[in-house]
2 protein chains.
Amino acid sequence: MATSKPKPAKADAASPSSRVELKERTRLRLIEPALTLIGQGRGYSSLSLREITREAGVVPAAFYRHFRDLDELGLALVEMGGVTLRHLLREARRDGLSPTDMLRTSVLIYKRYVEERSLVFRFLAGERGGGSPVIRQAIRTEESHFASEMAQDLRALGTLPDLSSPALHMICGLVVTTMLNAASDILDLPKGRPKQEQELVDNFVHQFRVVFLGARFWRER
Amino acid sequence: MATSKPKPAKADAASPSSRVELKERTRLRLIEPALTLIGQGRGYSSLSLREITREAGVVPAAFYRHFRDLDELGLALVEMGGVTLRHLLREARRDGLSPTDMLRTSVLIYKRYVEERSLVFRFLAGERGGGSPVIRQAIRTEESHFASEMAQDLRALGTLPDLSSPALHMICGLVVTTMLNAASDILDLPKGRPKQEQELVDNFVHQFRVVFLGARFWRER
DNA sequence: TAGTCCAGTAAACATGTGTTCACTCGGATA
DNA sequence: TATCCGAGTGAACACATGTTTACTGGACTA
């Protein structure tokens, strides 16, 4: 039940006092409901400007103070997704990897990470393949950066030391697509079905095992 | 420029004479523009009933003679996608696989197949992860069937004979997601850039090599 | 041949849509 | 203190949307 709130917006939340501060605040207030709506199973391309502004508690015209059109809002979402991915890598880097069963623990950590940021990942997983070409392209770029960083990290860790850089990048690409695929599956998990959950995690772990097994035996040429 | 065509619809195309024949025909005439619009880079969830009927040369109300709502149309598209996938497997089965460089030739065949049915694959790749939960779920089911059939075929061919059935299925799942991912990439290839095209095919081939390499060395437990 | 059925029509409905415009009114600045 | 700037307002616009309703006319069938 989407309740309409004709509240005056200004008086909302903590008063930001500063002007740029206010602008940034409302910008976020526009981004947030967009993400929420997508999280509720709506395609990005089906969102309407009025719907978003309504949910943000702002008049439609105010939208244009922040974005030229919906696509620009979409790109902001992609940017946010990119930040989320980078943050994930940063955390992984910090934690290092436990020697035993590290693949499984990585998967579990990833699962948790996805669930805690379900909206962003729903957006990424959803718009990655479809919808508007411009944002699909943007997501692809973020993915590529993510893969590059991951390759770099693996290199630094001494994992798969025999692989050439292109080969490593190619494998990281495979890992990334598998991850985002899994994200979609994770988010669609019905709650309170630990068996199904377990199955999904296992499947995910096994797939990764296969990939890294293949990577270990990879020979150039 | 979407030209509106207020043509009387009845007089369109070859006169179907039979009544059920007519109904089936218009049903297809509704499905077709939906696919086309999606192929033009529109998310499924952004399609409107009126847009579709307009493009089909039919009055909006006529839509309800064929589908309860847009979701039902979407499911018809998924069904069509499923048929396309099954057909792909059937072809692969018929052709068998040449012993030399069979992975690369498979990829090239697949690429061609995707390009020739670009609309269906754009739909599958696009709605697989996002948009409406109901059609996302439906696509997932088709994918799973596809993976099962593929596993069965590999079994019959004697490929990877040491793998248990669950393991084989899990690997086919990985292959399928990789394929559909690649479909999206293939469809976004800018025309007349053979270098980029070559790169993508190579990357795709290598990823598959990694997967099958991993599969060969897979041990249960 | 008379009668039924039903795919497609035409019109109307209540809403929802993107975009524009002149406006206000409070923080920033000189 | 007086001025300016610009984030957010409110109203209006010209359409587009989903759905319903009574209808028409040709293919079927008894």
Side-chain angles (χ1 to χ4, degrees), chain A residues 1-34 37 42-74 76 132, chain B residues 1-34 37 42-74 76 132:
Chain A
M1 49 158 182
T3 58
S4 60
K5 349 173 167 179
K7 58 175 80 167
K10 292 283 196 58
D12 218 349
S15 56
S17 64
S18 160
R19 203 138 90 163
V20 301
E21 206 175 324
L22 167 78
K23 176 152 192 184
E24 182 59 21
R25 202 184 215 47
T26 12
R27 190 185 132 96
L28 289 178
R29 292 212 334 203
L30 285 169
I31 288 183
E32 190 200 317
L37 288 168
R42 303 265 317 268
Y44 155 80
S45 59
S46 80
L47 300 186
S48 83
L49 184 150
R50 289 186 105 102
E51 197 176 13
I52 293 171
T53 55
R54 200 184 310 133
E55 216 64 25
V58 150
V59 98
F63 183 90
Y64 297 99
R65 298 271 180 221
H66 302 271
F67 307 101
R68 189 193 314 283
D69 51 24
L70 280 173
D71 263 351
E72 206 165 293
L73 200 239
S132 145
Chain B
M1 50 160 180
T3 57
S4 61
K5 348 173 170 178
K7 57 174 81 167
K10 291 286 195 57
D12 218 349
S15 56
S17 61
S18 161
R19 201 137 91 165
V20 301
E21 207 175 324
L22 167 78
K23 177 151 190 184
E24 182 58 19
R25 202 184 215 46
T26 9
R27 190 185 132 96
L28 289 179
R29 293 214 332 205
L30 285 168
I31 289 183
E32 191 200 316
L37 287 167
R42 303 266 316 268
Y44 155 80
S45 59
S46 80
L47 299 185
S48 84
L49 184 149
R50 288 186 104 101
E51 197 176 14
I52 292 171
T53 54
R54 199 185 310 132
E55 216 65 25
V58 149
V59 98
F63 182 91
Y64 297 99
R65 298 270 179 222
H66 301 270
F67 306 101
R68 191 193 314 281
D69 52 22
L70 279 172
D71 263 350
E72 206 165 292
L73 200 240
S132 146

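Chain A is the first sequence line, chain B the second, and so forth, proteins listed ahead of strands; every chain is numbered from 1.
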request  = Nearest 0.5 Å please: distance from the OG atom of A/S46 over to the OH atom of B/Y44.
outcome  = 10.5 Å
Can you tell me the distance, in whole Å, between the [atom1] atom of [X] and the [atom2] atom of [N]?
{"X": "B/R19", "N": "D/dG25", "atom1": "CZ", "atom2": "P", "result": "15 Å"}
{"X": "A/E21", "N": "D/dA7", "atom1": "CD", "atom2": "C1'", "result": "14 Å"}
{"X": "A/H66", "N": "D/dG8", "atom1": "NE2", "atom2": "C1'", "result": "8 Å"}
{"X": "A/I52", "N": "C/dT17", "atom1": "CD1", "atom2": "P", "result": "10 Å"}
{"X": "B/K23", "N": "C/dT9", "atom1": "NZ", "atom2": "P", "result": "14 Å"}
{"X": "B/R25", "N": "D/dA27", "atom1": "CZ", "atom2": "C1'", "result": "16 Å"}
{"X": "B/F63", "N": "C/dT9", "atom1": "CZ", "atom2": "P", "result": "14 Å"}
{"X": "A/F67", "N": "C/dT19", "atom1": "CZ", "atom2": "P", "result": "14 Å"}

task = Using a cut-off of strictly less than 4.0 Å, decide whether B/S18 has a side-chain nitrogen or oxygen near OP1 or OP2 of D/dC28.
result = yes
query = Listed by chain and number, what are the salt bridge (Lys or Arg N to Asp or Glu O under 4.0 Å) partners of A/E24, not counting sequence neighbours?
reply = none
ask   = Any donor and acceptor pair, going by atom type alone, linking the side chain of B/D71 with main-chain N or O of B/G74 inside 3.5 Å?
value = no
remark   = Of all heavy-atom pairs linking A/L70 and A/L47, the shortest is CD1-O, 3.5 Å
ask   = Where do A/H66 and A/E72 come nearest, in terms of heavy atoms and distance?
value = O-OE2, 4.0 Å
request  = Summarise protein proximity over nucleotides 16-21 of chain D in one line of letters, 5' to 3': B for base, S for sugar-phosphate only, - for none, counting protein heavy atoms closer than 4.0 Å.
outcome  = -BBBB-
query = Heavy-atom distance under 4.5 Å between the side chains of B/I31 and B/L73, does that happen here?
reply = yes
